[in-house]
Amino acid sequence: MPELPEVEVVRRGIAEHAVGRTIAKVEVCHPRAVRRHLPGPADFEGRLASRVLTDACRRGKYLWLTLGGATTGDAIVGHLGMSGQMLVRPVGSADETHLRIRFVFADDGPELRFVDQRTFGGLAVAELVESAFGTVPEPIAHIGRDPLEAGFDASTVVELLRRKQTDVKRALLDQSLISGIGNIYADEALWRAKLHWARPTAKLTRPQATALLTAAAEVMTESLAQGGTSFDALYVNVNGQSGYFSRSLNAYGQAGKPCARCGTEIVREAFMNRSSFFCPRCQPPPRAR
DNA sequence: CCTAACTCCTGCATGC
DNA sequence: TGCATGCAGGAGTTAG
């Protein structure tokens with residue numbers, strides 16, 4: 001599940017290897033990968049031919065590649081979902097089993113390939129629009145700033161958090177409130193802030209909520225410095241290499257192992273049909289569940 | 001308007 | 001061995 005740091009690693013790779021190049025041809029190998037491109041796969045392929053990739057941008061877990069050439073004002077917008085990869089591969093190298101979209105460039109250099117085993121991810125071409133937080137592709141105008149953006153205002157998000165009627169982990173995962181956080185970094189931020197996932201957001205103090213946002217920014221910054229979190233070959237940079245942050249996780253996936261702070265065994269609980277990992281001593285559950 | 005359940009998908013681990 | 005089941009889960013959609 002690529003989250004903000006993993007997507008940023010991919011963005012940097014695309015910026016280095018694909019930005020500035022002209023697309024010669026696009027091949028959609030699986031229609032589901034462009035299901036959010038409503039005009040369909042043929043339209044996706046057709047409107048990208050001879051366009052130039054002018055920049056690689058990111059907000060939260062979304063990537064977009066701005067387009068130049070004869071026209072401007074649009075971009076390829078994408079989400080990696082759970083298993084999506086953007087790979088830079090030499091022309092002629094064997095197709096990946098789950099190759100979904102191939103970008104061939106006019107310079108005959110390496111291809112850009114969207115590979116996605118579980119097909120939760122996808123790409124689309126969309127217009128750029130002016131939103132409250134700058135110029136972004138229309139489909140993601142509703143998401144909030146991410147904690148590593150220059151314009152991220154923690155005090156505003158703290159007030160929004162405290163106004164919500166939900167539990168704190170749901171709020172962390174709500175991309176319209178604060179973008180970029182998924183299950184891994186939600187659990188890590190909660191562990192650092194010593195908060196149980198089921199704590200009601202409305203009852204958080206301002207210092208608690210502020211500390212939680214700080215923890216989220218810190219853990220994602222540290223992960224980025226190590227190339228992101230990888231459990232296996234699914235989460236890789238554009239060269240297919242894994243990051244090392246999984247060695248630094250304190251809560252996520254650590255069930256049965258001692259808490260790095262207090263030694264108590266980390267516990268796994270079901271949450272939203274998935275998992276939450278936490279230290280039952282450092283992160284006591286709220287009284288009323 | 002707000003919140004939460006549902007749904008999409010494939011590969012691997014597990015159990016009988 | 002082989003089949004069924006569970007699990008990984010982001011976010012748009014739908015229901016309440």
Side-chain angles (χ1 to χ4, degrees), chain A residues 1-8 10 28-38 58-64 77-86 95-101 114-124 126 136-147 159-190 197-204 216 220 228-236 242 246 249 251-256 267-277 289:
Chain A
M1 56 274 19
E3 302 178 29
L4 188 157
E6 293 74 39
V7 179
E8 175 61 15
V10 171
V28 175
C29 308
H30 195 303
R32 187 171 153 79
V34 294
R35 67 193 179 285
R36 307 256 174 241
H37 186 80
L38 300 182
R58 181 191 57 74
R59 168 167 288 162
K61 307 172 199 173
Y62 287 91
L63 277 173
W64 68 95
V77 58
H79 195 291
L80 301 177
M82 293 180 58
S83 54
Q85 306 173 338
M86 296 292 281
D95 287 357
E96 290 75 10
T97 304
H98 304 292
L99 175 64
R100 308 305 189 195
I101 302 171
F114 179 66
V115 176
D116 188 9
Q117 176 196 103
R118 279 170 258 187
T119 68
F120 274 34
L123 306 182
V136 297
E138 187 279 328
I140 65 168
H142 67 287
I143 76 165
R145 282 188 158 131
D146 71 54
E159 297 312 315
L160 291 173
L161 264 177
R162 282 157 47 86
R163 235 174 279 163
K164 289 192 78 81
Q165 298 298 313
T166 189
D167 58 66
V168 65
K169 183 162 174 182
R170 274 194 167 83
L172 279 182
L173 296 174
D174 181 348
Q175 305 296 301
S176 68
L177 199 60
I178 169 175
S179 64
I181 301 173
N183 207 34
I184 298 171
Y185 296 108
D187 280 3
E188 292 302 308
L190 289 165
W197 60 266
R199 293 281 291 270
T201 48
K203 291 185 178 176
L204 292 180
M220 291 196 290
T229 300
S230 304
F231 300 109
D232 52 45
L234 277 187
Y235 315 114
V236 295
S242 296
S246 58
L249 295 174
Y252 184 84
Q254 307 301 303
V267 168
R268 172 187 177 276
E269 270 185 5
F271 164 83
M272 288 170 73
N273 284 332
R274 54 207 62 171
S275 298
S276 265
F277 298 91
R289 295 283 293 279

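If you check every strand for non-hydrogen atoms under 4.0 Å, A:Arg35 touches nothing. Heavy atoms of A:Tyr62 sit under 4.0 angstrom from primed sugar atoms or phosphate atoms, though from no base atom.
Of the candidates A:Lys61, A:Glu6, A:Met86, A:Glu3, A:Met86 is the only one forming a side chain to side chain contact (heavy atoms under 4.5 Å, CB included) with A:Leu80.
In this entry the distance linking CZ of A:Phe271 with C1' of C:dA8 reads 15 Å, nearest Å. Atom CG in A:Asn183 sits about 12 Å away from atom P in C:dA11, given to the nearest Å. Remark: P of C:dA11 and CZ of A:Arg59 are 14 Å apart, rounded to the nearest angstrom. C:dG10 atom P lies 16 Å from atom CG of A:Leu177, rounded to whole Å. As a whole-Å value, the separation of A:Asp174 CG from C:dG10 C1' is 12 Å. The distance from atom CD1 of A:Ile143 to atom C1' of C:dA11 is 11 Å, rounded to the nearest whole Å. In this structure, the CE atom of A:Met82 is 14 Å from the P atom of C:dC7, given to the nearest Å. Note: CG (A:Asp187) to C1' (C:dA8) measures 14 Å, nearest angstrom.
Between the side chain of A:Gln175 and the backbone N or O of A:Ile143, no donor-acceptor pair lies under 3.5 Å. In this structure a side-chain-to-backbone donor-acceptor pair under 3.5 Å is missing from A:Arg118 to A:Gly84. Counting only distance, with no hydrogens or angles, the side chain of A:Thr201 and the backbone of A:Thr166 share a donor-acceptor pair below 3.5 Å. With hydrogens and angles ignored, the 3.5 Å screen pairs a side-chain donor or acceptor of A:Arg32 with a backbone N or O of A:Thr119.
Of the residues in residues 161-169 of chain A, those with a non-hydrogen atom less than 4.0 angstrom from any atom of DNA chain B are A:Lys164, A:Gln165, A:Thr166.
Along DNA chain B, the nucleotide nearest A:Arg170 and the nucleotide nearest A:Thr97 are compared for position; the residue whose nucleotide lies closer to the 5' end is A:Arg170.
The two residues A:Arg100 and A:Asp116 make their nearest non-hydrogen contact at NE-O, 2.8 Å. The two residues A:Trp197 and A:Ala270 make their nearest non-hydrogen contact at CZ2-O, 4.1 Å. A:Val136 approaches A:Trp64 most closely through the heavy-atom pair CG1-CH2, 3.9 Å. In terms of heavy atoms, A:Pro147 sits closest to A:Leu4 at CD-CD1, 4.2 Å.
Taking the 5' to 3' direction, DNA chain B first and last meets chain A under 4.0 angstrom from a heavy atom at B:dT3 to B:dG11.
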- Message: Working note: A:Val115 + A:His98, criterion side chain to side chain contact (heavy atoms under 4.5 Å, CB included); need CA distance, chi angles, decisive distance, verdict.
- Response: CA-CA 5 Å; A:Val115 176; A:His98 304 292; 4.1 Å; yes
- Task: For the pair A:Asp187 and A:Lys169, evaluate salt bridge (Lys or Arg N to Asp or Glu O under 4.0 Å) and give the outcome as yes or no after the intermediate values.
- Result: CA-CA 8 Å; A:Asp187 280 3; A:Lys169 183 162 174 182; 2.6 Å; yes
- Pairs under 3.5 Å (Watson-Crick or G-U), crossing ones as [ ], inter-strand ones as |: DNA chain C comes out as .|||||||||||||||
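Contact annotation: A:His142 side-chain N/O to C:dG12 OP1/OP2 distance is under 4.0 Å.
Rounded to the nearest 0.5 Å, atoms OG (A:Ser179) and NE2 (A:His142) are 9.5 Å apart.
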